[in-house]
Number of protein chains: 2
Amino acid sequence: MGVTIKDVARKANVAPSTVSRVIANNPKISAKTKAKVQAVMEELGYYPNVNARNLVNNRTNVVGIIMPSVSYAPFQNPFFPEVLRGITAQANEKKYGLYLSTAQTDKGILEEVIEMYYSRRVDGMILLYSTVSDPIIEFLLDKAFPFVVVGQPPEALSGQVSYVNNDNVKAAKMVTEYLLLLKHERIAFVGGREEAYVTLDRKKGYIEALEEAGMTPDDSYIVHHDEIFEGGEQAVIELMSRKHPPTAMIVMDDLMALGVLRMLFNMNISVPNEVSIVSFNNVLMAELATPPLTTLDIHIHELGYRAAELLQKRIADPEAPAEKRIISHKLIRRETSAVYSGERR
Amino acid sequence: MGVTIKDVARKANVAPSTVSRVIANNPKISAKTKAKVQAVMEELGYYPNVNARNLVNNRTNVVGIIMPSVSYAPFQNPFFPEVLRGITAQANEKKYGLYLSTAQTDKGILEEVIEMYYSRRVDGMILLYSTVSDPIIEFLLDKAFPFVVVGQPPEALSGQVSYVNNDNVKAAKMVTEYLLLLKHERIAFVGGREEAYVTLDRKKGYIEALEEAGMTPDDSYIVHHDEIFEGGEQAVIELMSRKHPPTAMIVMDDLMALGVLRMLFNMNISVPNEVSIVSFNNVLMAELATPPLTTLDIHIHELGYRAAELLQKRIADPEAPAEKRIISHKLIRRETSAVYSGERR
DNA sequence: TTGTATGCGTTATCAG
DNA sequence: CTGATAACGCATACAA
């Protein structure tokens, strides 16, 4: 098989334990033997067997990434590769490994999490999704196992759960205020699943902004759609058939905004001349759209990076109280938003 | 710590080895003791410690996924999430785990592969990229370690390497013939990196089709661009300033086609009335573009799925000769391709 | 069919 | 500062 610690020990004329100490950089080892052992390790091409090491340490230096079930609509969203990149960057810096969940159903994911936990495969987990009630979070909490969720955890547990998220209320409020300043008077809100926290929070910010501007939010300008792309198309149909169609739309997601854009294009309604669009996320696609989308960058990469960072902290000290990290956002003005200048149609 | 095999043994009044045999489904175990042990396992909530198991078996039931370095332009391409999904699906069926590489540079990736190999972290690897010369492949080949590449491996080694790929020559030929049948006479080819096998192969198919149609391929209609999106924009500038601009373009990638589309839109050139576009991949974006892209579906998901499948086969029998799997493709006609009917501009 | 003993490669404890 | 030894949890060769 491979070169073991014993082979190194023999060749260096020391005990295996000494070699182990050299690997661990134990301070109480003489510079001389250290050098000698390292030379032999080099010569023999020694690499520690992680399985043996994990076994005795009861620690793996690997974190599990829990993906949402495929039935979760936004799965195809570029959001995931991007958080993953953020996580990857941090993991690489800190020499952590990444283990990916493969289950495709909610039930399967729960089982996989349980298995990961009991089989001691990982030191902690990052949950890439958030639902209102979640047996997985309850399980992990019950076991006091380190984990971090990307997004908003269930309200009732949010005090006990570490998470990274944006301030979605504030973000949506800012977007709404921006459109207000652009003189829009009828601003529609195109949400995702009605129970999703992202949608809930952003709707709240939207309403706050309207009210602070002395306007009364009108429910008929608020629609919800689950399907990431088609939802955008349907929203347009609904909204544009109002007696007084909106002059601006706030759309939950860039991909959804693409659906909006396309339907508007089909209806021969010009963006941004007749209708302004502002969406969220700023994935690559937002920039590539025609016209390029004005969108709120939620710094997805950083979301992932910070989640990984926070998880490490929890692994180092699992007893510490839960923490949250709020990631900043930034409005990226591109070509789907403009000053509203009276009726055009 | 957790429940071990000994705990189960004690409670079931058998030896640890018996429990081990029950887990392994050893046939020479009496139905009675088997049932008894299983009941206790259930009761105690026993899960095997994977690290201990991996150590003795020298096998992990985990495969490593090697991602391309971030410097590789198409990294942000939806191609990756999609292959990943394919791999994931197969891994889940076969109860394999997935370990993700995190290195960001070519050098780092090589080191990570070496580490993965020596430290016995994984049973095999899937390489999600292909370059013309590759120290990683040489390393793996030298060690006779099971791996599969998604895409075309270096020519010189292709006999020894297992891989999954599309028949890119045939695919491009078909696309070209399709445009020929649409009466296009000046068909441009917008490639990616000139040395990339995808580009090389597709260019070959494109030229074959033209020659078989009795036409002489014209180099001035062939351009190459590395940047995934901006490349498309630049290609349009180059091509449309030819004395006789092309009436159709074959574009290496859907995202690149979005760049093409946008630049054409800016130039006020109508697609498909004045110029037809056919691209490759059929990622989600192709459908969401305005107008929706006619594109060649290369069945990315299946590419991933089959790669995982092939890898398992190699793990089971590493001595077997290298194999390749060619994944089918399919032309998806949407709204960027139409019959060419004489000059319009 | 089941139990006993041993080893996988490492780390940690305890002597020296 | 270094060496011997036990232990981590499991699988298997050999006995019974």
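First the proteins, then the strands, lettered A, B, ... as listed; each starts at 1. What you see is a predicted model, and the numbers here were worked out from it, not measured in a lab.
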**Message:** Checking Arg53(B) now: which residues fulfil salt bridge (Lys or Arg N to Asp or Glu O under 4.0 Å) with it, not counting sequence neighbours?
**Reply:** none
**Request:** Could you tell me which residues satisfy salt bridge (Lys or Arg N to Asp or Glu O under 4.0 Å) with Lys143(B), sequence neighbours excluded, listed by chain and number?
**Result:**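 With neighbours one apart ignored, the set is empty.
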**Request:** Quick one, give me the B/S/- string for nucleotides 10-16 of chain D, reading 5' to 3', where B means a protein heavy atom under 4.0 Å from the base and S means that only happens at the primed atoms, P, OP1 or OP2.
**Result:** BBBB---
**Message:** Please list all pairs meeting salt bridge (Lys or Arg N to Asp or Glu O under 4.0 Å) that have one or both residues in residues 19-35 of chain A, counting only residues at least two apart or in different chains.
**Reply:** none
**Message:** Per the salt bridge (Lys or Arg N to Asp or Glu O under 4.0 Å) rule, what does the pair list look like for residues 5-17 of chain A, sequence neighbours excluded?
**Reply:** Asp7(A)-Arg10(A), Lys11(A)-Glu43(A)
Can you tell me which residue pairs pass the ring pair (Phe, Tyr, Trp, His ring centres under 6.0 Å) test with a partner in [range], sequence neighbours excluded?
{"range": "residues 6-36 of chain A", "value": "none"}
{"range": "residues 17-46 of chain B", "value": "none"}
{"range": "residues 99-118 of chain B", "value": "Tyr47(A)-Tyr118(B), Tyr117(B)-Phe139(B), Tyr117(B)-Phe145(B)"}

**Asked** Does Glu111(B) come within less than 4.0 Å of Lys107(B), counting only side-chain N to carboxylate O?
**Response** yes
**Message:** I'd like to know if Arg121(A) and Glu115(A) make a salt bridge, using a cut-off of under 4.0 Å between side-chain N and carboxylate O.
**Reply:**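 Salt bridge between Arg121(A) and Glu115(A), a charged N being under 4.0 Å from a carboxylate O: yes.
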Distance, rounded to the nearest Å, where [X] contributes [atom1] and [N] contributes [atom2]:
{"X": "Asn26(A)", "N": "dC14(C)", "atom1": "CG", "atom2": "P", "value": "16 Å"}
{"X": "Asn54(B)", "N": "dG7(C)", "atom1": "CG", "atom2": "C1'", "value": "16 Å"}
{"X": "Arg59(A)", "N": "dG9(C)", "atom1": "CZ", "atom2": "P", "value": "23 Å"}
{"X": "Lys36(A)", "N": "dG3(D)", "atom1": "NZ", "atom2": "C1'", "value": "13 Å"}
{"X": "Arg121(A)", "N": "dG9(D)", "atom1": "CZ", "atom2": "P", "value": "17 Å"}
{"X": "Asn58(B)", "N": "dG7(C)", "atom1": "CG", "atom2": "P", "value": "17 Å"}
{"X": "Arg120(B)", "N": "dT10(C)", "atom1": "CZ", "atom2": "C1'", "value": "14 Å"}
{"X": "Asp7(B)", "N": "dC8(D)", "atom1": "CG", "atom2": "P", "value": "11 Å"}

**Request:** Would you mind classifying the nucleic acid contact of Asn13(A) as base, sugar-phosphate or nothing, using non-hydrogen atoms under 4.0 angstrom?
**Result:** sugar-phosphate
**Request:** With heavy atoms under 4.0 Å as the rule, sort Leu55(A) into base, sugar-phosphate or nothing.
**Result:**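 Base, at least one base heavy atom under 4.0 Å.
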**Item:** Five-pair end axes of the helix from dT1(C)-dA16(D) to dG16(C)-dC1(D), angle between them (10°)
**Value:**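 The two end axes of the helix from dT1(C)-dA16(D) to dG16(C)-dC1(D) meet at 40°.
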